[in-house]
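Sequence lines set the chain letters: A, B, ... in the order given, protein chains first and strands last, and positions in each chain run from 1.
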Amino acid sequence: MRAMPLRDGQTIEAPVRDLRRVPIHPDNWYPLAWSREVKSGKTLGVHFAGEPIVLFRTASGQVHALEDRCAHRQVPLHAGVVDGEGIRCGYHGWTYDCSGKCVDVPYLGRERLPNGVRAYPCQEVHGLIFVFPGDATLAESRQLPELPSLTDKAFKTRRFGKPVNCHYSFMHENLMDMNHQFLHRKQMGQMRARSLGRRRGDDWVEVDYVFEREGGKQPTGEALVFGSSKNRSDQGGKSVMTIRTEYPYQRLRIRSDEDTLVMDLWIIYVPLDAQQRTNRTFGLLSVRRPSSVPFMLDLAWPLLVWFTERIFKEDRDIVEMEQAAHDAQGADWNHEVFPVINDLRDVLRNCGDRTVIPIREVSDLA
Amino acid sequence: MRAMPLRDGQTIEAPVRDLRRVPIHPDNWYPLAWSREVKSGKTLGVHFAGEPIVLFRTASGQVHALEDRCAHRQVPLHAGVVDGEGIRCGYHGWTYDCSGKCVDVPYLGRERLPNGVRAYPCQEVHGLIFVFPGDATLAESRQLPELPSLTDKAFKTRRFGKPVNCHYSFMHENLMDMNHQFLHRKQMGQMRARSLGRRRGDDWVEVDYVFEREGGKQPTGEALVFGSSKNRSDQGGKSVMTIRTEYPYQRLRIRSDEDTLVMDLWIIYVPLDAQQRTNRTFGLLSVRRPSSVPFMLDLAWPLLVWFTERIFKEDRDIVEMEQAAHDAQGADWNHEVFPVINDLRDVLRNCGDRTVIPIREVSDLA
Amino acid sequence: MRAMPLRDGQTIEAPVRDLRRVPIHPDNWYPLAWSREVKSGKTLGVHFAGEPIVLFRTASGQVHALEDRCAHRQVPLHAGVVDGEGIRCGYHGWTYDCSGKCVDVPYLGRERLPNGVRAYPCQEVHGLIFVFPGDATLAESRQLPELPSLTDKAFKTRRFGKPVNCHYSFMHENLMDMNHQFLHRKQMGQMRARSLGRRRGDDWVEVDYVFEREGGKQPTGEALVFGSSKNRSDQGGKSVMTIRTEYPYQRLRIRSDEDTLVMDLWIIYVPLDAQQRTNRTFGLLSVRRPSSVPFMLDLAWPLLVWFTERIFKEDRDIVEMEQAAHDAQGADWNHEVFPVINDLRDVLRNCGDRTVIPIREVSDLA
């Protein structure tokens, strides 16, 4: 419940809508696959929030996105075949061009061709295939994320991500609340985050942290990602981590005490199912090569991969527990005491779609 | 929506009921098992549209069908034992005769015996055990299918079938629409079906086809089933395939240019679950032995089995995709352009049961 | 339906509530784990009727029971760590003492600590961890079961139990109706139970049986549990088995013809899920050592274990079939003819919670 002011100065308690039932807003560009997953002349069936979408790469190398169903009998087009610059359904051979128009039914005259299927705006950039699942007329006015570290030779980038069985909001909160270092105590030792302050706008929120080691030794994997703590004095000159949710994307950047960007993570959590209880994470983790021995980072890369996978697994396990608890409780019982997370929740609630995610009901037949 | 005439000559759009939610009509004979599955002195638990039915073969060799539940504590009778000409529940030993009457409760006097369970009319023919799940008073007036090719020595018959996860109507439509040869392009090469015309009655519809090869070579498996195309002229004298749904059964027959029946398939799709989203297919495929070298067919049989299994698997995969799409869409979005399939859908809708299959609902708790 | 008297002497049929939807009453002591399952300094997540509960054993050896959720983000506390005499959540490190009070949030001042979580009364006795899930103010007034055979050196005790997928009432009925010897015909041969009479109170019912062998030889396993039948005359001097449900527990005792207690089984079926369709059985089976050769029982123990496991498996299979039938039928179709079972059903219905177990509904969207 949230206090709501009335005209006469009194307040009533108005229900706040359950964040875990706020659908992600479709009027944004979402990556639905890595470029390498859509091979030349092949199809790939993906989902956005329960909508089946087929991606296919034609002979010209272009990737297109259509509704993943044949207008005839609704079987997925991803079970069909790429044919020139179009796609042919695998059942009765109905064919669609890249705009979704039906251009051939083998046993029907061309003058009687039926309506086709919906096409989605689609762009391939940064090794990702971005689709605009919402109102297509807005696609041009909405920008793709800028990712300068990706093209900067001073950085090496890791692409990662897996499906995680939870609402996207748990992912944003997990990353933004660095007090959860306790979760990673086996990987990171005893680290304590200290918040330096937060800022927010209508569709974004960000927070700065510094870290202090309270016990244990810095693990090698962590030194690679966050930079070695050896060369810093204990009191001053610390790296600052900034975490920003700019709807619907999230970014984590670490700047050294000389204000050099040493780590740049861009990440997005794309809902797969209609209930938005599963998301696919697409992450791009760019790490600056050490200026003295740049190839050191390549040598150490397998260790970095191993370390980030361990961290990611711990995060995945805990957010899936959060989702399971929410499903069992049937409502949001969270009791948040950290201000930036409450800001973040407001941003996610306000920027999300206005509808409500339907959930399965247990009814009493008594 | 379908145009419905009003008294004043106007029409309104009346909703057509969703074919995928039309239950199969129980007032027909349905095979529920192969004869070989019900061994002497043994039971077999089967289902018809969610109704549990126990089949059991008594010492005399007769097969009987009862409700598959003990009147006492509802455990399935198929977990019990055949006892003379009756069946004894495996829990407390309540015993039923083949009419379903309770004839013994070991710890109760004979004068106090409780009511029994329902018996179903049951006939064993053609190696199949047919049960009449509907109004038993109609059983005698409804005929079992006639299958003359089965007893004709000129034919060799293959019995096949597996559970398929879809509504029975998808199966009928799949077989009847021979434009789906594109689906079998890997097995059959490029074949094109041409419809010669269709006929229909109240509870049946049939269509004739001829086929033309558009590319590739005729596979050996196909030659065995459909006859070799070598000995025919390209223009005239082609085999004609007739596919007929005569509710609730389906039949596919191929006649040679001399009007000899060369292939005769009888097939039925029996719903297993209450939601009728799973059916068990029982198929009898009879192929005429070549008159010159009759045993050739025996030699080639394994190839024919392999070929038909491949075709059947492709069909199974695609109809299961259709069902999954219907479940996700929650309604029938199909856009049918082939007239015989629209006729077939009318027959299946009109001959089906008047009730509506209940489906699980996702409700909005907002 | 049950006849209900009206003021004017007439009766109407009032619906009897479905026993399988009667929740077990929480105002009792229920074992939720064996002592050995909760190791020193470790946690164990368990459930009572859908309520997640964490058991943990602190450094002092004491076991405590709290709600299995962190007040912050609802993740289970069993994924956390025991810390002194309290428990620390594994995500952000919130800490609770054994009364459920929140005593530390690492990044928050002590003066601002939020509310904690619920604690349950908890006692460890007989190698079992008992929890009182209901109104805690009643815990002291409700007694733990007395189990004198457990501490009597003349007996040897087996602890057993597994989850069984059915409502607890099926378990009570299974054990109390000894006419189900037919179920165990392969283990026990042809045994016939004869009821000597029944007694009942508000929250208990009990029945006495004697047994007669109708055919076959007494198996060795059975002789161990029930005593050898060799030394008895066929007519008189038989062992008497008494089965008693004293809500919510159940007990089966066998007394020899000299009125010596030779077998003493105490058993309870604890619902795990909110729908109470799964229970975990905790059984303590005490068998008197033969006075002449006491260690004989130890030698024969593996055979006794094997025998009881076989019997238990047959019981588990059949009660799970009962539950499956109830779920499919959606109501209680049982037709009970044995008076003591009808008495038992009354006791379970009257002593159960007043609410109704919600079940999943299949709705008709037509």
Side-chain angles (χ1 to χ4, degrees), chain B residues 15-18 20-23 45 47 49-52 67-81 83 88-95 102 104-109 111-118 273-275 277 327 330-331 354-363, chain C residues 19-20 166-167 169-170 173-174 176-186 188 190-195 207 209 211-212 214-215 314-342 345 359-366:
Chain B
V16 173
R17 63 183 187 140
D18 183 349
R20 315 312 176 188
R21 297 187 58 198
V22 173
H47 283 90
E51 278 183 55
E67 268 185 280
D68 193 10
R69 62 173 189 95
C70 178
H72 178 211
R73 295 186 65 87
Q74 316 304 322
V75 294
L77 289 176
H78 79 250
V81 290
D83 189 351
R88 184 175 287 269
C89 176
Y91 199 175
H92 299 83
W94 291 31
T95 308
C102 182
D104 185 37
V105 172
Y107 49 97
L108 211 66
E111 71 289 356
R112 295 169 55 204
L113 288 178
N115 288 329
V117 294
R118 178 180 174 190
D273 57 323
Q275 310 230 326
R277 261 64 191 135
D327 290 344
R354 291 293 103 189
T355 59
V356 175
I357 296 173
I359 60 171
R360 295 199 177 272
E361 184 178 6
V362 172
S363 53
Chain C
L19 175 57
R20 315 313 176 187
C166 74
H167 189 254
S169 60
F170 290 112
E173 295 176 55
N174 169 269
M176 191 158 278
D177 187 349
M178 277 292 145
N179 297 307
H180 88 273
Q181 290 306 315
F182 187 67
L183 176 68
H184 304 304
R185 60 200 177 274
K186 283 173 193 156
M188 309 274 255
Q190 287 169 252
M191 290 286 282
R192 168 157 298 194
R194 190 154 57 83
S195 161
V207 58
Y209 293 100
F211 289 85
E212 276 165 31
E214 296 195 305
E314 288 175 342
D315 286 326
R316 198 169 66 231
D317 289 349
I318 204 82
V319 292
E320 291 184 348
M321 287 181 197
E322 291 193 272
Q323 181 66 61
H326 182 274
D327 290 344
Q329 293 167 356
D332 188 356
W333 293 14
N334 277 18
H335 178 69
E336 193 49 66
V337 298
F338 192 46
V340 68
I341 298 302
N342 283 322
R345 291 164 63 98
I359 60 171
R360 295 202 176 270
E361 182 177 6
V362 172
S363 55
D364 188 330
L365 293 178

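Legend: residues meeting side-chain hydrogen bond (donor to acceptor under 3.5 Å, both in side chains) with C:N342, ordered by chain and number and at least two apart, are absent. Every residue two or more places apart in sequence or in another chain that forms a side-chain contact (heavy atoms from CB on, under 4.5 Å) with B:D83 is listed here: B:R88.
At a threshold of 4.5 Å between non-hydrogen side-chain atoms, the residues C:H335 and B:H72 do not count as touching. Contact of the B:H92 side chain with the C:F338 side chain is not registered, since no non-hydrogen atoms from C-beta on lie closer than 4.5 Å. With contacts defined as side-chain heavy-atom distances shorter than 4.5 Å, the pair C:N179/B:W94 does not qualify. Considering only heavy atoms from C-beta on, B:Q74 stays 4.5 Å or farther from C:M321 through its side chain.
Taking both residues in full, the closest heavy atoms of C:V337 and B:R112 are given as O-NH2, 4.4 Å, listed atom of the first, atom of the second, then distance.
Heavy atoms of C:N174 lying under 4.5 Å from chain B belong to its backbone as well as its side chain. When heavy atoms are compared at a cutoff of 4.5 Å, C:Q323 does not approach chain B at all. For C:D177, the parts sitting under 4.5 Å from any heavy atom of chain B are the backbone and the side chain alike. Proximity to chain B is absent for every atom of C:R194, based on heavy atoms less than 4.5 angstrom apart. Proximity to chain C (any heavy atom under 4.5 Å) is restricted, for B:C89, to the backbone atoms N, CA, C and O.
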